[in-house]
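Structure, as C-alpha cells:
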Amino acid sequence: MTNALQQAITLLQGAKQICILTGAGISAESGIPTFRDKQTGLWENFRAEDLASIEAFDRDPKLVWSWYQWRRNLVIDKQPNPAHYALANLEQWAINHNKTFYLITQNVDDLHEQAGIKATHLHGHLWKNKCSQCEASYDADNDYTQDMLLKCPLCDAYIRPDIVWFGEMLPHDEWQLAEYAVNNCDVFISIGTSSLVYPAAGLLQVAKRQGARIIEINLNPTQNPIIDLVISGKAGEILPSLVSALE
Ligand code: OAD
C-alpha cells in the first residue's frame with residue numbers, strides 16, 4: 001500500500017465526522033465527460049460556461065435545451081463505477097464505526113444514488129425540469145430524443161433543466177446542509193473536482209479554517225496549497241483500495 005493511502009486510512013480511522021465533495025471526475029470512469037474536457041461532436045465549438053447560464057437560455061433557449069437533451073442522452077445509459085460503490089461502502093463503514101458521514105456532490109447525474117448512497121446535490125438534477133419563469137417543477141414526460149422546447153402549463157414560459165447555472169444561487173437547503181457538514185467535519189475528501197467553480201469550491205477553505213484535514217483524490221491534482229494529502233490517480237481505482245483496506 002502507498003504511503004498516501006496509509007495516511008488517508010489513519011486520518012479516516014481517527015475522524016468523528018467525514019465530509020466528501022465529489023465532482024465530474026468521479027463519473028468520468030462511467031463514461032460521462034467532465035466539464036473541463038473539450039466537448040466533442042456537435043458541441044465541440046461550445047464551452048459549458050457559454051451554455052449553462054440564464055443569459056444563454058434567454059438568448060437562445062433552443063440551443064441550451066438541445067445541449068441538455070444531448071447530455072441527457074449521453075448519461076441515460078451510464079452506470080455507477082467502482083468509485084461510486086466504494087463511497088457507499090465507506091458510508092457503511094463510517095456508520096458501523098459511529099462516525100458521521102456526509103456526501104456532497106456538484107454532479108447532476110444520479111450515479112451516487114444508483115450505487116445506493118444519498119448525496120446532497122449542490123448543482124441540481126439532470127433529470128428534473130422547472131419553469132424558467134415561475135419555477136414550478138415540470139414533471140410531465142420529457143422525450144430526451146426530442147429537441148422541441150416545452151412550455152409551462154401555468155405561465156406559458158419555457159421549461160428549463162432544474163440545474164444551477166453560472167450566476168445563480170445554490171439551492172438554500174442543500175447549501176445549508178453542506179455548510180453544516182463541512183463546519184463540523186475533521187476529515188474532508190475532495191474527489192474528482194477541479195475546484196474552480198464557487199461557492200462549492202469554497203467548502204475546502206471552510207473545512208480547512210475550522211481545522212479539518214483535507215485529502216484530494218484526483219487524476220490531475222489541483223495543486224491547491226491548502227490540501228494536506230494528495231492521492232493522485234483514478235477515483236475508480238483509489239477509492240476501492242482505500243475502502244477495502246479500512247474494512
Ligand atoms: P471539472 O470538469 O471542472 O473537473 C473534473 C476534475 O476531475 C478534474 O480536476 C480532473 O483532473 C478530475 N478527474 C478526471 N477524471 C478523473 C478520474 N477518473 N478520477 C479522479 N479524478 C478525475 O468538473 P467539476 O469540478 O465537477 O456546474 O466542475 C464543477 C462544476 O462546473 C460542475 O458541477 C458544473 C460545471 O460547470 C454546473 O453544471 C452548474
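In each ligand, atom 1 is the first atom listed, and ligand 1 is the first ligand listed.
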Query raised in the report: Is the F57 ring parallel, tilted or perpendicular to the W165 ring (thresholds 30°, 60°)?
Result: tilted
Report task. Mind checking the CG-CD1 spacing from D109 to I76? Nearest 0.5 Å is all I need. Result -> 12.5 Å
Requested in this report: At a heavy-atom distance under 4.0 Å, which protein residues reach ligand 1? Sort them by chain and number, would you?
Outcome: G23, A24, G25, A28, E29, T34, F35, R36, Q106, H123, V164, F166, G192, T193, S194, V197, N218, L219, N220, G233, K234, A235
Query - Of Y138, W127, Y68, the residue whose pairing with P161 passes side-chain contact (heavy atoms from CB on, under 4.5 Å) - result: Y68
**Report entry** R71 to W67, cation-pi by 6.0 Å centre distance and 45° axis angle
**Finding:** yes
Requested in this report: Assess whether atom NZ of K78 is packed by more than 12 heavy atoms of other residues, nucleotides or ligands within 6.0 Å.
Outcome: yes
Requested in this report: Decide, yes or no, whether a salt bridge links K208 with D228 under the criterion of side-chain N to carboxylate O below 4.0 Å.
Outcome: yes
